[in-house]
Amino acid sequence: VSLFICDEVHLIGGDVGPILEVIVSRMRYIAAQTENKIRILALGTSVANAKDLGDWIGASSSNLFNFHPNVRPVPLEIRIQGFGVNHFPSRMLAMSKPTYLSVKRLSGGKPVMIFAASRKQAARVSVEMINFASAEEDPKRYLHADEKDIQDYLSQITNDTLRSTLASGVGFLHTGLTEKEKSIVMDLYNAEAIQIVVVEHKLCWGLTLSAHLVIIMGTQSYDGSEHRYVDYPITSIVQMMGRASRPLKDSNGKCSIFCYAPKKEFYKKFLYEPFPVESHLDHMLHNHLNAEIGTKTIEGFQDAVDYLTWTFMYRRLTQNPNYYNLQGTSHRHLSDHLSELTESTLQDLETSKCISVDDMDLSPLNLGMIASYYYINYITVELFNSSLSKGTKMKGLLEILSHSNEFESIPLRQGEERALERLARRMPLKVRADDGYHSPHIKAHLLLQSHFSRQGLSPTVQADRDSLLPIALRLLQAIVDVISSAGWLEPALAAMELSQMIVQGMWSTESTLLQIPHMTKDLAKKCSKAGIKNIFDLLDMEDDDRTNLLSMTAGQMDDVATMCNTYPNIELKYEVEDPDEISAGGRVVVQVSLERDPDDDEEDEDDGGFVMEPVYSKLYPKQKSEAWWLVVGDVKKNKLISIKRVTMRKKVHNVRLDFIAPAEGEYDYKLYLMCDSYLGCDQEYGLKIKVAEGEEEDSDEDEDEDSES
């Protein structure tokens, strides 16, 4: 890499700051180690400490350009208005009329964007804008197109409130809308068919829309994890303000900020002047150091300290010592602070069994490797290691999974406890909620259960669930690795089954036919009575019999055909190498051949015509590739002996499983082929091995010594 571009570099002071800082620091560190020069181009908004950012990325003073906030492609007029109402909902109501008057006075009929604190407020403000216009006998004031022209778009909207507001020229965007609805609102706004769009503040970073007038209606939102209203990050407000820019269309942009009165002076200072950015890396150092130790970038205590000298935090320590709890700014103080920070971080990682510390040498342990490979928190992998046991069943797995640190960020909204309590009553597994339902872990547990039960949820909570599922799947793969390291068979198979449940959105105790689109529980029972127990039985039926049994429309039958054609049919062949020569302590090698869809003869012999379709699931929010686990286990002893994960990228896969032979005797093992995405297609085979007595190495060595003498 010779050119590295880092956009929005001012976000180093935000939530993603530590990740951004480590990536850029690592690029410079690698360039220095390999002696390959790299050019780093960083782009961001005006900051007060631009020189420190420049030093960090290696930019000389002649290559550092820091512009005043007033310097923009389109000049921006900023108005800040304070509201003295302490009660948050009352303050939001007090802002409604001034928002309408600002649109009326400042927009001049040009596009307007209003940022609201929540999903509910975005919808409410949209309705209020129309109500105020109706009071002046001009309800269609914001509609700049013929109603007939937008009728086709409106017919595709399922949200009733959005459909009615769009008809009057006001749209809204929030996390509860479908991608289709968001796309329609943005298309109508870009075409200037509607004048106003109200946006939930969380969407400001992914927004490509621009406006003549931006109104930030309140600068606080409710944080469920802290049970209080918190201020928007200053970087988010700057991002929202930046939407008031339409080069070549406007000679200037306008922005009105409505805030709580005591905050008015704060925003005056930081919005008219460049703001400083500080590093938060010291709070998030554990996972980054663990990953670097795992890749052998850091192999000793001094390496870890040297690594920190490449960071932005290192540049800021002496510039703002109080912020980083530094006692002084001398070289000695700086050195002691870095050593203490590194030592405490490494101690935590050692306590979590992620790394081993031998004098001053550092080496990764299995748990640390798992954490860095699956990109999960070291606290989570410690939880898995301490909570999982050889007797862990599905219920326990679900509880351990939902208590992962990764789910701390699940949003909790005001009044959501009652909804979660009602949801808990309908779920098959009871949830421990001794301290109430206002916990992200309890919410994660209930959302997973609701996914398996195919429970309908509100659009917002559905969006929470959709964001949770891919994380849960990644965590489950880590759980399988942790269990495999301990050598437990039953919990590993249960975790693999849980992975299938997450992808297909159903309980493993239900009929596997429910994976088929448009299949209901009643229809599955009807199929079962007709002798159709699984998807393979359905595939073996005559076309006419299948059509009569399912009684679906032609379009639905097309979906069924698509799913059935994607459903995996794997032919497994295995062979133990040199079965008569296995001795105790020796290596047992099992050669396994996996062939996908062996009955299809269309593909060329070199796999040139084989295309692996993504997993078919209407209930999993992301596209996913199908993968398998090959497991050798001893059922009687609940012992996992060997495991390998295989991703099917070609028609035929040859896999080698090996393990150390046990003591002399005959053993009845099982060979499992477990899918991570579909239920009902797992396979199980008997694997018998006969182990002879191992050769005694000591006697051999003695014989060698005798012959030498």
Side-chain angles (χ1 to χ4, degrees), residues 74 76-79 81 83 92-157 159-174 177 181-201 203 207-218 240-241 243-246 249-258:
V74 176
L76 182 65
E77 297 174 15
I78 305 173
R79 295 171 176 81
Q81 187 173 343
F83 291 79
M92 290 299 104
L93 286 172
M95 290 178 183
S96 297
K97 186 75 176 194
T99 300
Y100 169 72
L101 294 174
S102 293
V103 173
K104 187 177 177 182
R105 189 175 71 252
L106 301 173
S107 71
K110 294 178 180 178
V112 177
M113 193 178 297
I114 302 170
F115 285 98
S118 65
R119 176 183 67 89
K120 281 184 179 177
Q121 200 196 348
R124 185 176 61 77
V125 170
S126 302
V127 174
E128 285 177 349
M129 290 300 103
I130 296 165
N131 290 343
F132 284 127
S134 299
E136 296 185 3
E137 298 181 353
D138 193 4
K140 303 290 183 183
R141 175 184 298 170
Y142 307 120
L143 183 64
H144 297 174
D146 196 301
E147 257 189 274
K148 292 176 184 175
D149 294 339
I150 65 167
Q151 202 56 48
D152 288 344
Y153 290 98
L154 299 184
S155 62
Q156 300 174 57
I157 302 285
N159 186 304
D160 294 335
T161 308
L162 179 59
R163 196 186 310 115
S164 64
T165 59
L166 281 175
S168 297
V170 181
F172 57 82
L173 294 168
H174 60 60
L177 297 180
E181 288 171 333
K182 288 178 188 174
S183 175
I184 289 171
V185 172
M186 288 191 277
D187 288 346
L188 290 174
Y189 180 78
N190 281 327
E192 298 189 16
I194 60 174
Q195 186 187 343
I196 300 176
V197 63
V198 186
V199 184
E200 185 183 358
H201 76 99
L203 300 179
L207 213 58
T208 55
L209 306 177
S210 58
H212 173 68
L213 168 66
V214 166
I215 300 174
I216 302 174
M217 197 176 166
M240 294 176 201
M241 289 166 55
R243 297 291 97 208
S245 175
R246 299 197 307 161
K249 288 186 177 180
D250 294 331
S251 57
N252 67 334
K254 296 172 184 174
C255 177
S256 292
I257 299 172
F258 297 163

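In this structure, Asn159 contributes its side chain and Leu162 its backbone to a donor-acceptor pair below 3.5 Å. A distance-only check finds no donor-acceptor pair linking the side chain of Ser245 to the backbone of Val74 [under 3.5 Å]. Judged by distance alone, the side chain of Arg163 and the main-chain N or O of Ile157 form a donor-acceptor pair under 3.5 Å. Using modelled atom types, no side-chain atom of Glu136 and backbone atom of Phe132 make a donor-acceptor pair closer than 3.5 Å. A donor-acceptor pair under 3.5 Å is formed between the side chain of Ser164 and the backbone N or O of Thr161. The closest donor-acceptor contact from the side chain of Gln121 to the backbone of Ala117 lies under 3.5 Å. No donor-acceptor pair closer than 3.5 Å links the side chain of Lys249 to the backbone N or O of Ala211.
Here the closest non-hydrogen pair linking Ser210 and Pro111 is O-CB, 4.5 Å. In terms of heavy atoms, Thr165 sits closest to Ile130 at CA-CD1, 3.5 Å. Residues Val112 and Ser107 share a closest heavy-atom pair of CG2-CB, 3.4 Å. What you find for Met92 and Gly218 is that their closest heavy atoms are CE-CA, 4.0 Å. When all heavy atoms of Gly171 and Ser126 are compared, the closest pair comes out as O-OG, 3.8 Å. Contact record, Ser102 with Phe258: OG-CZ, 3.6 Å, taken as the closest heavy-atom pair.
Between the OG atom of Ser256 and the CZ atom of Arg105 there is a distance of 7.0 Å, given to the nearest 0.5 Å. Between atom CG of residue Leu154 and atom CG of residue Leu188 there is a gap of 7.0 Å, rounded to the nearest 0.5 Å. Atom CD of Gln81 is separated from atom OG1 of Thr99 by 8.5 Å, given to the nearest 0.5 angstrom. Here the CD1 atom belonging to Ile184 is positioned 11.5 Å from the CG atom belonging to Leu173, to the nearest 0.5 angstrom. The structure places CD of Glu77 at 5.5 Å from NZ of Lys254, a figure rounded to the nearest 0.5 Å. For the atom pair Tyr189 OH and Leu209 CG, the distance stands at 6.5 Å (nearest 0.5 Å).
Contact annotation: the side chain of Ser168 never approaches that of Met129 to less than 4.5 Å [non-hydrogen atoms, C-beta and beyond]. In this structure, Arg243 and Cys255 have side chains that are not in contact, with every pair of non-hydrogen atoms separated by 4.5 Å or more. Here the side chains of Leu166 and Tyr153 are not in contact, with every heavy-atom distance at 4.5 Å or above. Here the side chains of Val170 and Arg141 are not in contact, with every heavy-atom distance at 4.5 Å or above. For the pair Asn252/His212, a side-chain contact is recorded, criterion being any heavy-atom separation below 4.5 Å from C-beta on. When side chains are defined from C-beta on, Leu106 counts as touching Arg79, because their heavy atoms get closer than 4.5 Å. With contacts defined as side-chain heavy-atom distances shorter than 4.5 Å, the pair Met240/Met113 does not qualify.
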* Criterion side-chain contact (heavy atoms from CB on, under 4.5 Å) on Met217 and Val198, from CA distance to verdict -> CA-CA 10 Å; Met217 197 176 166; Val198 186; over 6 Å; no

* **Trace of the side-chain contact (heavy atoms from CB on, under 4.5 Å) decision for Ile194 with Ile150** => CA-CA 10 Å; Ile194 60 174; Ile150 65 167; 5.5 Å; no

* Between His201 and Ile216, is a side-chain contact (heavy atoms from CB on, under 4.5 Å) present by the stated rule, with each step listed? -> CA-CA 9 Å; His201 76 99; Ile216 302 174; over 6 Å; no

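Screening Val197, Val125, Ile114, Leu177 against Phe172 for a side chain to side chain contact (heavy atoms under 4.5 Å, CB included) leaves a single residue, Leu177.
Counted within 6.0 Å of NZ on Lys182, heavy atoms from surrounding residues, nucleotides or ligands total more than 12; the atom is thus considered enclosed.
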